[in-house]
Amino acid sequence: MTSSPTLETRSFSVNGRAVTVHVPEDTTLLSALRHDLDLKGTRVGCTEGYCGACTVLVDGRPVQSCNTPLWSVDGKTITTVEGLARGDVLGPVQEAFLLEQAAQCGYCTNGIIMTVTGLLSQNPPATKHEIVEVLDERHICRCGAQTRILKAIDRAIATIGGAAR
Amino acid sequence: MTDLPSNLKANALLSRWVSVAADDTLVIRSGKVELGQGIATAMAAIAAAELAVPFEKIRVENTETQVAPEEGWTAGSFSVEHGGSAMRWACAMVRELFTAAAAEALGTTPDDIVVTDGVFRRKGANEGLAYHQLRERVDLEVEATDRPAPRLIGGSADRPDLHRIDLRAKFSGPGFIQDMALPGMAYGRILRPAHPKDRLVSIDRAAVEARPGVVAVVIDGGFCGIVAERDDLAVKAVEFARKSARWERTAELPPMGEANAWMDAYEAKSATFIADEGEAAPAAFSHAARYSRPYIAHASVGPSCGVAEFDGTKMRVWSHSQGIYPLRRQIARVVGLPMEDVTVTHAHGSGCYGHNAADDVALDAALLAKALGRPVMVQWTRADELSWSPFGSPGRAAVSASVGADGMITEWTYDVWSPPHLARPGFGDGINLLAAWHLAEPHAPSPPNDAPRPQGGGDRNSVPLYKVGKRTMTHHVLPERPLHTSAMRALGAHCNVFAIESFLDELAAQAGIDPVEFRIRHLDDPRAIGVIRAAAEAAGWDPADAGGEGIGRGIGFARYKNSGAYYACVATVEVAETVRVTSVVGAVDAGFVVHRDGLLNQIEGGVIQAASWTLKEQVRWNEDGFAVRSWADYPLLTFSEMPEIRTVVVEDPSAPSLGSGECAAGPVAAAIGNAVAHALGVRVRDMPLTPERITAAINAA
């Protein structure tokens, strides 16, 4: 006989849409995004806070969603990779990664795209050096796409910097 | 007929390879699966060229056992070589059939028909008929054997802006097996021990069943799967179950020791496979050395995942396996179904570098789906990935050689020890799937055996391409080993090329000959010499550079498997406490290049992964069992540690395409090892080249 979990209700905004979910206690942001909101562009990686595949933006800041309890984002604004494009036009960081073909399997990529998007949206935007420091600390790529990812970051900085000017 | 590629002979029906959709899309099916290496894009490029359609009109369908051509494993860097040539011929024959149909429809003869951009026209005509307009006239349910050989083999759809067909979607939303959802799907997790020789005796089953969201606890011998309505609740239930789990230790592990010293505790099956006759030429000096590499983990970023559903009669399985056909046969045997009732569909997974846990987790899912009668997804945890997934096999090599007064090697003796590198499902008669060994009625694995020569496993790339005089070569397989091993990128080539190429530098130094020159003198193969020269030139190789002061450069070369792509590179390093690789400048000859950016991406990834293995990676164990359980225990090369990578493509478009996905591993390891020796004046012969080993080598000098 299945014992039903005790549910709690959480409300927040995802990609510009207000959502309310009823989830078991201690549900993570990652689990809510993937299981309850069917937003699977946010990847499940190590779920231990190391690999960064699950990174999303919370109020504009890159956060690993696997170790972020859902209660902590109540009322906050979440952006996932699904929220970066405008219609058919990819977000500038996504576009930079696509143009540089900055992936092999592409599993770690979306988390990195979110981190770079968040750091370049800061005021003032992060420098390349600062971005690489964050990648070293919070992201892992196993296929060996790092040199392409670094080129994509250069391209994104040029695009976004150009747009800002 | 004898010219037909073997994969096409084995799957002669053209409809298996190609079909034409009503919207004029050309749907292609390959038995070679997308592993993150970009093969789907390469297949599309091949098909576009042979069908003479725009690249965008090709749709690559996911490989499914009952539909797609059976092409064995996607492994060994054979996908373009074998799968690509079969696709090329199949598409060329399809184009022939459509050309004939167009001729008939347009009231002319086939040699009056030209096809461009997917439209068949009479010569000089503006109007014509597209593939979909002719599809009712063409029967693709014919065997390739019924058709003449294609008139035109060749051409390329490659262009600088040819992008991977799968990346845009993956960068925007779902794209992987972990993202699947079947109606009514439940989520399973497996309780596995923390020691490789432990077996589950019992858990407090009732307590686990009472946990929130738990749907079922499936126990069969030492196999324990816990299924819940949500994946996160399944994870929590497994952690809860672990608290009450009782384990039985069936054996202890030997101490690891330094540089694979544990190998001494195991008995080897030895085979001398080359023993040249005759006397070696007189020697001016002799030299001997030993090298090693440890166990290496696949360590894909995504967890291994399998999905299965069972309707009481038929089972469907989704897997990111490299070999869905053998997996299908193995799963059918374990779950007790006729093979016809099992379908396996390939789904994209996280980057695959060999036989990882993809097959094992597929059986986990199949067992749970059969027990429950509802669809189940199973994922592994990071700890399970880093402990229960098969590992890349460790190696130890001992080389001795003599060199004549003319600076030429006269005699070469090589011994390599390693556990088997190949234990894929379908390799041998046993069941090579983890859960099957733990069931109440267990299935035995195939007897441990290594991959046969000439490709070889532990002895892969152990035979130097160089002229080394009188050779004696022995492979010592260790059938029993502390941790499970199977195929991982390059197999024994990483250790063997590291050993051979390091040793060549040692010989060259003693002979007083520049390492590049020393290699070229010992080679006959012009393509081998070509990539070595190209890499040396691109890197600005200076024979007079004496190195030292912590800065050095080194070269490494191999032809992968002695039959695949040629790759040579020059690595530069700065050595302080740690080794920093500053650049890797290489040259590759892979014959005709189907997708240049795909080739470069594979080389870059191979360089980075090999540098990471060589400098940092080592799977460890201790008396408590697996000692690598999270990313914190298994660091990889980071973003700030990336070398500058440049690759020259040496291409002869008339030469057949050669597999290139694994060619960088050995040469990069060797180039780094040689660069470190050049920088320090002392050599580290055991991988990984850790700060501790660097310090020890300096202190011993």
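Each chain gets a letter, A, B and so on, in the order its sequence line appears, and its residues count up from 1. All heavy atoms count here, side chains included; hydrogens, waters and symmetry mates do not.
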**Student:** So what's closer than 4.5 Å to chain A heavy atoms on Met185(B): side chain, backbone, both or neither?
**Tutor:** neither

**Student:** Which bit of Glu25(A) is near chain B, if near means a heavy-atom gap under 4.5 Å: side chain, backbone, both or neither?
**Tutor:** backbone

**Student:** At a 4.5 Å cut-off on heavy atoms, which part of Leu7(A) comes close to chain B: side chain, backbone, both, or neither?
**Tutor:** neither

**Student:** Identify the two heavy atoms, one from Ala181(B) and one from Lys40(A), that lie closest to each other, and give their separation to 0.1 Å.
**Tutor:** CB-NZ, 3.6 Å

**Student:** Would you mind checking which part of Leu150(A) comes under 4.5 Å of any heavy atom in chain B, side chain (CB onward), backbone (N, CA, C, O), both or neither?
**Tutor:** side chain

**Student:** Are Asp597(B) and Arg148(A) ion-paired here, with the side-chain N under 4.0 Å from a carboxylate O?
**Tutor:** yes

**Student:** Would you call Ile153(A) and Phe639(B) a side-chain contact if the rule is heavy atoms closer than 4.5 Å?
**Tutor:** no

**Student:** Is Asp231(B) salt-bridged to Arg34(A), going by a charged N under 4.0 Å from an acidic O?
**Tutor:** no

**Student:** Please check: side-chain N/O of Asn110(A) versus main-chain N/O of Lys170(B), any donor-acceptor pairing under 3.5 Å?
**Tutor:** yes

**Student:** How long is the span from the CG atom in Asp161(B) to the CG atom in Leu99(A), to the nearest 0.5 Å?
**Tutor:** 10.0 Å

**Student:** Which answer fits Leu636(B), side chain, backbone, both or neither, if we ask what part of it has an atom under 4.5 Å from a heavy atom of chain A?
**Tutor:** side chain

**Student:** Whether Glu617(B) and Arg142(A) form a salt bridge (side-chain N of Lys/Arg under 4.0 Å from carboxylate O of Asp/Glu) is what I want to check.
**Tutor:** yes

**Student:** Do Asp232(B) and His35(A) have side chains that get closer than 4.5 Å, going by heavy atoms?
**Tutor:** no

**Student:** To the nearest 0.5 Å, tell me how far Trp631(B) CH2 sits from Glu48(A) CD.
**Tutor:** 10.5 Å

**Student:** Please state whether the side chain, the backbone, both or neither of His129(A) comes within less than 4.5 Å of a heavy atom of chain B.
**Tutor:** neither

**Student:** Check whether Pro643(B) gets within reach of chain A through its side chain, its backbone, both or neither, counting any heavy atom under 4.5 Å.
**Tutor:** backbone

**Student:** Report which part of Ala632(B) has an atom under 4.5 Å of a heavy atom belonging to chain A: side chain, backbone, both, or neither.
**Tutor:** both

**Student:** Which pair of heavy atoms, one from Gly45(A) and one from Pro303(B), lies closest together, and at what distance?
**Tutor:** O-CD, 3.9 Å

**Student:** So for Ala297(B), is it side chain, backbone, both, or neither that comes closer than 4.5 Å to the heavy atoms of chain A?
**Tutor:** backbone

**Student:** What part of Ala85(A) gets within 4.5 angstrom of chain B, counting heavy atoms only: side chain, backbone, both, or neither?
**Tutor:** neither

**Student:** Is it the side chain or the backbone of Glu644(B) that comes within 4.5 Å of chain A heavy atoms, both, or neither?
**Tutor:** neither

**Student:** So, Asn601(B) and Gln104(A): side-chain donor and acceptor under 3.5 Å apart, yes or no?
**Tutor:** yes

**Student:** Need one label for Ile113(A): side chain, backbone, both or neither, based on atoms under 4.5 Å from any heavy atom in chain B.
**Tutor:** side chain

**Student:** Are the side chain of Gln101(A) and the backbone N or O of His163(B) linked by a donor-acceptor pair below 3.5 Å?
**Tutor:** no

**Student:** Between Asp36(A) and chain B, which part of the residue has a heavy atom less than 4.5 Å away: side chain, backbone, both or neither?
**Tutor:** side chain

**Student:** Using non-hydrogen atoms only, which part of Ile149(A) is less than 4.5 Å away from chain B: side chain, backbone, both, or neither?
**Tutor:** side chain

**Student:** Take atom CZ of Arg61(A) as the centre, draw a 6.0 Å sphere, and report whether it contains more than 12 heavy atoms from other residues, nucleotides or ligands.
**Tutor:** no

**Student:** Can the ring centroids of His348(B) and Tyr107(A) be said to lie less than 6.0 angstrom from one another?
**Tutor:** no

**Student:** Taking all non-hydrogen atoms of both residues into account, name the closest pair between Cys105(A) and Phe176(B) and its distance.
**Tutor:** O-CZ, 3.2 Å

**Student:** What part of Ser612(B) is in contact with chain A, defined as an atom under 4.5 angstrom from a non-hydrogen atom: side chain, backbone, both or neither?
**Tutor:** side chain

**Student:** Drop me the distance from Cys143(A)'s SG to Tyr353(B)'s OH, to the nearest 0.5 angstrom.
**Tutor:** 3.0 Å

**Student:** Go through the steps to decide whether Cys141(A) and Val301(B) satisfy the test side chain to side chain contact (heavy atoms under 4.5 Å, CB included), and finish with yes or no.
**Tutor:** CA-CA 7 Å; Cys141(A) 166; Val301(B) 167; 5.8 Å; no

**Student:** Just how far is it from atom CD1 of Ile131(A) to atom OG of Ser640(B), taken to the nearest 0.5 Å?
**Tutor:** 13.5 Å

**Student:** So for Leu600(B), is it side chain, backbone, both, or neither that comes closer than 4.5 Å to the heavy atoms of chain A?
**Tutor:** both

**Student:** At what distance, to the nearest 0.5 angstrom, does OG1 of Thr147(A) lie from CE of Met642(B)?
**Tutor:** 7.5 Å

**Student:** Is Leu90(A) close to Arg168(B) at the side-chain level, that is, under 4.5 Å between some pair of heavy atoms?
**Tutor:** yes

**Student:** In terms of heavy-atom pairs under 4.5 Å, which option from Thr6(A), Thr27(A), Leu84(A) contacts chain B the most?
**Tutor:** Thr27(A)

**Student:** Does any backbone or side-chain atom of Thr47(A) lie under 4.5 Å from a heavy atom of chain B? Answer side chain, backbone, both or neither.
**Tutor:** neither

**Student:** How close do Pro5(A) and Leu233(B) get, heavy atom to heavy atom, and via which atoms?
**Tutor:** CG-CD1, 3.8 Å

**Student:** Where the side chain of Gln146(A) meets the backbone of Thr638(B), is there a donor-acceptor pair that is under 3.5 Å apart?
**Tutor:** no

**Student:** Could you tell me the separation between the OG atom of Ser172(B) and the CG atom of Leu98(A), rounded to the nearest 0.5 Å?
**Tutor:** 8.0 Å

